[in-house]
Amino acid sequence: MKDKKWDLVALASIPVIMTLGNSMLIPILPQIERELKVSSFKVSMLITVYAVVAILLIPLAGYLSDRFGRKAVIIPSLIIAAAGGAVAGGAAWMLNGNAAYWTILGGRLLQGIGAAGAFPIVIPLVGDMFDDENEVSKSLGIIETSNTFGKVLSPILGAALAVWIWYLPFMAIPVLCVLSLVLVIFLVKTPKRKEEPQSFPEFVASIRSVLKEKGRWLYAIFAIGGICMFVLFGVLFYLSETLESEFKLKGVIKGLVLAIPLAALCLASFFAGKWIGKNKTRMKWLGFIGLAVLTVSLGVIGLFDNIYVVVGLFTLGGAGIGATLPCLDALVTEGVDKKQRGTITALFSSMRFIGVSLGPPVVSLLISSHHFLLFGILAASGAVGGLLTLLAVKPDKGNQPTSGSGQNHRERDYEEVKKPNSYLPGRRKKSPF
C-alpha cells in the first residue's frame with residue numbers, strides 16, 4: 001500500500017472535488033434563489049439535475065471503464081466537469097433572471113455528465129490496484145473519507161466564496177477539476193490488464209449472471225446507498241433553508257454549522273474503513289448499527305422542533321451514515337469479480353446519486369408541513385435501510401459477498417481436480433492430524 005500512496009492521493013482528490021462541485025451549493029441555495037428570483041423547488045433542481053444525469057450515465061461509464069480502462073474514462077470526465085462548471089459560472093456572471101437560471105442548469109447538467117465518469121470509477125480502480133482484501137478495504141476507507149471530507153469542507157468553502165461573489169463557487173469548479181486532472185495524469189498508474197476486455201454481448205451476459213447469482217444482496221446494498229444519500233442531502237437542504245430563514249445565519253457561520261454533522265460523518269467513515277478490514281460479517285453489522293443510529297436520531301428529531309436538537313442529533317446520525325458507507329463500498333467491491341466490478345460499482349453509485357437527486361426536492365415540498373411528518377418520513381427511510389441490511393445482506397452464506405465471483409470459485413475447484421494425484425481411486429489423502 002505504501003508504494004501506491006501517491007496514486008491514492010491523486011484518486012482521493014476526485015471525490016473531494018466532485019463533492020465540492022455539488023455540496024458547495026447547499027449553503028448558498030437561498031442566496032441563489034434571491035439572486036435569480038426563482039422558487040425554492042426550482043433552486044433545488046440545481047442539485048437534482050446534476051445527480052439525475054449522472055444516474056443515467058454512470059452505468060455506461062462503468063462499462064466503458066471495464067472495456068477501455070479506468071483512466072481512459074476518468075480523464076475526459078474531469079475535463080467535461082470543468083467545462084460544466086465554467087458554463088454555470090459564466091452564465092451567473094453575464095446573464096440575469098430566467099436566462100441565467102436555465103443556462104446555469106445546463107452547465108450543471110454538463111457537470112453531472114463529467115461526474116458520472118469520475119468518482120464512480122475511482123472505486124473499482126482502487127479494487128484493481130490491490131490484491132489483498134484488507135488493503136482494498138483500507139484504501140476504500142480513505143476514498144470514502146476523502147468524499148466525506150469534501151462534504152465537510154464544502155459548506156464552509158461555498159459560504160466563504162459566496163461572501164465575496166455569490167457565483168464564485170461555480171467559478172471554483174474548473175480550477176479544482178484541472179488540479180485533480182493533473183494529479184491523475186501524472187501520479188496514477190493503472191494495473192496492466194491480464195485478460196482481453198469482454199465484447200458487449202459477453203459483458204451483458206456476465207452482468208446478468210452476476211445479478212442473477214448475487215442480486216439479492218446487491219440490490220439491497222444499492223437501495224441502502226440511495227437511502228443514505230437521500231437522508232443526508234435532504235437534512236442538509238432543510239438545515240440550509242432553516243438556518244437562514246428562521247435564524248438569519250449566513251456566510252461562513254452558516255457553513256460551519258452545516259459542517260458539524262458532516263465532520264462526524266467524515267470521522268466515522270475514516271475509522272470504519274480502518275476497522276472493517278476484510279471481515280464481511282463485521283461490515284454487515286457495522287452498517288446495520290450505523291443505520292439504526294441514524295433512524296433513532298431522526299425519529300427523536302421529529303419530536304423536538306428545535307434547531308439545537310436537529311443539529312446535535314443529526315451529528316449522531318451523520319456518524320451513522322459515515323460508518324455505513326465504507327462497509328457498502330467494500331461489500332460491493334470485494335463481492336464482484338474484476339471483470340464486472342466497474343459496472344456493478346457504477347450501478348451502486350447511480351443509486352447513491354438517486355438519493356442525492358431526491359433529497360432536496362422532497363424536503364423542499366415537505367418543509368412547510370409538520371416537522372414530525374418531515375422527519376418521520378426520513379426516519380422511516382433509515383429504518384428501511386436498516387432492515388435491508390439485517391435481512392438481505394448475509395455475507396456468511398452461499399452466494400453472498402466474496403472476493404470473487406462464483407465462476408472464479410468454480411474455476412479454482414476445477415483446477416484442484418486437475419492436479420495430479422489429487423484424487424486416485426483406492427488412495428486416501430493423509431490426514432493432517
Side-chain angles (χ1 to χ4, degrees), residues 13-54 76-119 147 150-181 233 236-237 240-241 244 250-252 254-255 258-259 262 353 356-357 359-361 364:
S13 73
I14 296 174
V16 171
I17 288 165
M18 292 300 106
T19 300
L20 287 173
N22 203 30
S23 300
M24 268 199 302
L25 302 185
I26 293 285
I28 65 167
L29 287 177
Q31 191 174 351
I32 296 172
E33 186 180 329
R34 292 193 301 272
E35 293 287 345
L36 299 180
K37 297 178 175 60
V38 295
S39 67
S40 174
F41 180 79
K42 264 191 169 183
V43 82
S44 74
M45 287 296 106
L46 295 178
I47 302 295
T48 298
V49 72
Y50 173 93
V52 166
V53 70
S77 297
L78 287 171
I79 295 170
I80 293 169
V87 169
W93 178 25
M94 293 183 284
L95 302 175
N96 295 303
N98 274 335
Y101 173 76
W102 290 108
T103 309
I104 290 170
L105 202 65
R108 291 288 291 164
L109 186 145
L110 192 61
Q111 203 178 325
I113 293 173
F119 175 41
N147 181 25
K151 289 182 174 65
V152 175
L153 184 61
S154 56
I156 301 169
L157 184 59
L161 290 173
V163 167
W164 293 331
I165 306 173
W166 71 269
Y167 52 80
L168 210 54
F170 292 117
M171 295 289 201
I173 299 306
V175 177
L176 295 171
C177 286
V178 169
L179 174 63
S180 184
L181 180 65
F233 276 80
L236 288 176
F237 182 84
S240 180
E241 290 284 327
E244 188 150 333
K250 297 180 182 180
V252 177
K254 177 183 170 182
L258 290 173
L262 293 170
F353 270 95
V356 172
S357 67
S364 72

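FYI, side chains are in, hydrogens and waters are out, and symmetry mates aren't considered; it's all heavy atoms of this structure. In this chain, numbering begins with 1 at the start of the sequence shown.
In plain terms, the two heavy atoms of Met24 and Ala172 that are nearest each other are CE-CB, 4.3 Å. Between Ala259 and Ile156, the shortest heavy-atom distance links the atoms CB-CD1, 3.7 Å. Smallest separation of non-hydrogen atoms from Pro360 and Ile47: CG-CG2, 3.9 Å. Taking every heavy atom of both residues into account, Pro30 and Glu241 meet most closely at CG-OE2, 3.9 Å. Shown here for Ala81 and Ala115, the closest heavy-atom pair between the two residues is CB-N, 4.5 Å. In plain terms, the two heavy atoms of Pro27 and Ala159 that are nearest each other are CG-N, 4.1 Å.
Screening residues 163-181 for side chain to side chain donor-acceptor pair (under 3.5 Å) gives Ser13-Ser180 as the qualifying pairs, with residues at least two apart or on separate chains. Counting only residues at least two apart or in different chains, salt bridge (Lys or Arg N to Asp or Glu O under 4.0 Å) contacts with residues 35-46 are absent.
To the nearest 0.5 angstrom, Leu236 atom CG is 10.5 Å from Leu29 atom CG. Within the model, atoms CG of Leu168 and CD1 of Ile173 stand 10.5 Å from one another, a figure rounded to the nearest 0.5 Å. Taking OG1 from Thr19 and CG from Leu262, the interatomic distance works out to 10.0 Å, rounded to the nearest 0.5 Å.
In this structure, Ile17 and Cys177 have side chains that are in contact, with non-hydrogen atoms separated by less than 4.5 Å. For the pair Asn96 and Leu36, the minimum side-chain heavy-atom distance is 4.5 Å or more. Annotation: side chain of Leu161 is not in contact with side chain of Ile165 (no heavy-atom distance under 4.5 Å). Side-chain contact between Ile113 and Tyr50 is absent, with no heavy-atom pair separated by less than 4.5 Å. The closest side-chain heavy-atom distance from Ser40 to Phe237 is below 4.5 Å. Taking the side chain as every heavy atom from C-beta outward, Ser39 and Glu33 never approach each other to under 4.5 Å. Two residues are said to be in side-chain contact when any heavy atoms from C-beta on lie closer than 4.5 Å; Ile28 and Pro169 meet this criterion. Side-chain contact check for Pro155 versus Ile26: every heavy-atom pair is 4.5 Å or farther apart.
A distance-only check finds no donor-acceptor pair linking the side chain of Thr48 to the backbone of Met45 [under 3.5 Å]. Counting only distance, with no hydrogens or angles, the side chain of Ser154 and the backbone of Gly150 share a donor-acceptor pair below 3.5 Å.
Glu244 meets the salt bridge (Lys or Arg N to Asp or Glu O under 4.0 Å) test with Arg34, Lys254; sequence neighbours excluded.
Screening Lys151, Arg108, Gln111 for a side chain to side chain donor-acceptor pair (under 3.5 Å) involving Asn22 leaves a single residue, Arg108.
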Legend entry - Derivation of the side-chain contact (heavy atoms from CB on, under 4.5 Å) call for Val16 and Asn147: CA-CA 5 Å; Val16 171; Asn147 181 25; over 6 Å; no
Inset, instruction - Please step through side-chain contact (heavy atoms from CB on, under 4.5 Å) for the pair Ile32 and Phe170, ending with a clear verdict. - result: CA-CA 11 Å; Ile32 296 172; Phe170 292 117; 4.2 Å; yes
